[in-house]
Number of protein chains: 2
Amino acid sequence: MGVFSKTCEYGIRAVLYIAHRTIDGSRVGIKEIAAEIDSPESFLAKILQDLSRKGLIQSMKGPNGGFYVEAENLQRPLADIVTAIDGEEVFSGCGMGLTHCSEKNPCPLHKEFKKVRNQLAHMMNTTTIGQFNKELLKGSVTLRK
Amino acid sequence: MGVFSKTCEYGIRAVLYIAHRTIDGSRVGIKEIAAEIDSPESFLAKILQDLSRKGLIQSMKGPNGGFYVEAENLQRPLADIVTAIDGEEVFSGCGMGLTHCSEKNPCPLHKEFKKVRNQLAHMMNTTTIGQFNKELLKGSVTLRK
DNA sequence: ATATATAAAGACCTTTATATCCTTTATTGG
DNA sequence: CCAATAAAGGATATAAAGGTCTTTATATAT
Ligand code: FES
Ligand code: FES
């Protein structure tokens with residue numbers, strides 16, 4: 001198990017793919033996305049459906065339809081994708097599973113775990129959907145394999 | 001989903017409980033452990049069986065039997081418990097699910113994610129099983145709720 | 001030796017995550 | 001309007017995680 005669920009991993013990869021692939025105002029279909037991020041097509045369809053309903057990405061049916069990201073969404077943090085799919089637990093939950101992480105009744109790891117968790121949250125909150133577009137176009141970073 | 005699996009969370013809590021409860025050379029039974037760390041008893045039994053087979057904790061059958069932690073194991077890092085139960089992925093896997101995290105073919109998050117992951121690994125590698133015994137005895141930290 | 005306490009082991013069951021497939025609905029170009 | 005296209009939605013399948021129960025093995029005390 002990684003830090004995020006598989007669903008979430010696919011979701012992040014797909015959104016970043018869509019974002020850099022549609023800066024020109026075009027749309028991209030599920031087949032291409034799935035192929036390019038190396039994910040099961042129909043499973044990804046479900047994930048994107050969900051993210052679309054939640055407004056993180058946009059979609060259009062019909063010929064020349066597909067998924068895209070509106071300009072304003074390019075500024076949204078990746079944390080929004082994680083929260084939409086996995087919830088907030090990874091950003092606020094106790095590292096060893098206590099039902100509530102708190103200062104008053106802390107688990108042994110609390111002090112240190114909180115730092116890590118906060119660093120993770122900070123990273124995901126200050127990293128935006130559109131931020132990697134150039135690097136993705138250049139090919140200096142990848143979304144598959 | 002948290003950073004670790006539920007199995008792993010129970011495992012960590014249980015090992016820390018056993019450690020501080022048996023410094024005097026005694027043993028502690030599964031019923032007490034499960035009650036004190038607030039976990040399902042027979043599920044925890046499976047987990048402890050596994051950790052015992054792997055040598056992270058010790059056990060004895062029969063009257064006055066139970067689980068305990070040998071002195072040398074008190075020095076082992078909590079990372080060993082995580083690795084034994086969840087594997088190493090959380091310490092080395094790609095944050096967005098690429099099959100191999102690498103410098104040569106990095107995902108967009110690689111640079112930042114690696115820092116977080118390393119901080120997590122460092123924390124878990126420098127924190128030992130026995131390290132919280134005093135605090136647990138004092139009651140300044142908790143393993144339940 | 002026997003009875004008893006306790007963990008080990010294995011067979012199950014339930015829920016959640018992951019994944020596929022098929023039908024419906026919306027959009028577009030002709 | 002019509003046919004083609006692509007996402008939405010719903011039903012279902014499969015795998016993995018989470019959890020329970022019963023039986024067996026082993027240690028101890030009497
Ligand atoms: S109580 Fe465990 S991380 Fe805060
Ligand atoms: S490649 Fe993704 S974290 Fe290293």
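Residue numbers start from 1 in every chain, and the chains themselves are labelled A, B, ... in the order their sequence lines are given, proteins ahead of strands. Just the heavy atoms: all of them, side chains too, but no hydrogens, waters or symmetry mates, feed the values below.
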Original post:
Which heavy-atom pair separates B/L16 from B/F132 by the least distance, and what is that distance?
Top reply: CD1-CD1, 4.0 Å

[X] has an atom [atom1]; how far is it from atom [atom2] of [N], in whole Å?
| X | N | atom1 | atom2 | answer |
| --- | --- | --- | --- | --- |
| B/I47 | C/dA7 | CD1 | P | 15 Å |
| A/F43 | C/dA17 | CZ | C1' | 7 Å |
| A/Q58 | C/dA26 | CD | P | 19 Å |
| B/D38 | D/dG19 | CG | C1' | 15 Å |
| B/I57 | C/dT6 | CD1 | P | 16 Å |
| B/E89 | D/dA17 | CD | C1' | 15 Å |
| B/L44 | D/dT20 | CG | P | 11 Å |
| A/E9 | C/dT18 | CD | P | 9 Å |

Check nucleotides 5-9 of chain D against the protein and report each pair of N or O atoms closer than 3.5 Å, with its distance, or say if there are none.
residue	atom	partner	partner atom	Å
D/dA6	O4'	A/G62	O	3.2
D/dA7	OP1	A/I30	N	3.1
D/dA7	O3'	A/S59	OG	3.3
D/dA8	OP1	A/S59	OG	2.8
D/dG9	OP2	A/R53	NE	3.2
D/dG9	N7	A/K46	NZ	3.3
D/dG9	N7	A/Q49	NE2	3.1

**OP:** Step through the shown structure and confirm whether more than 12 heavy atoms of other residues, nucleotides or ligands are within 6.0 Å of CD on B/E70.
**Re:** yes

Original post:
Counting heavy atoms not belonging to A/K54, are there more than 12 under 6.0 Å from its NZ?
Top reply: yes

Original post:
Looking at residues 10-23 of chain B, who's got a heavy atom less than 4.0 Å off DNA chain C?
Top reply: none

Subject >> Along DNA chain C (nearest heavy atom to each residue), the more 5'-positioned of A/E41 and B/S42 >> reply: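 Nearest-nucleotide comparison on DNA chain C picks B/S42.
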
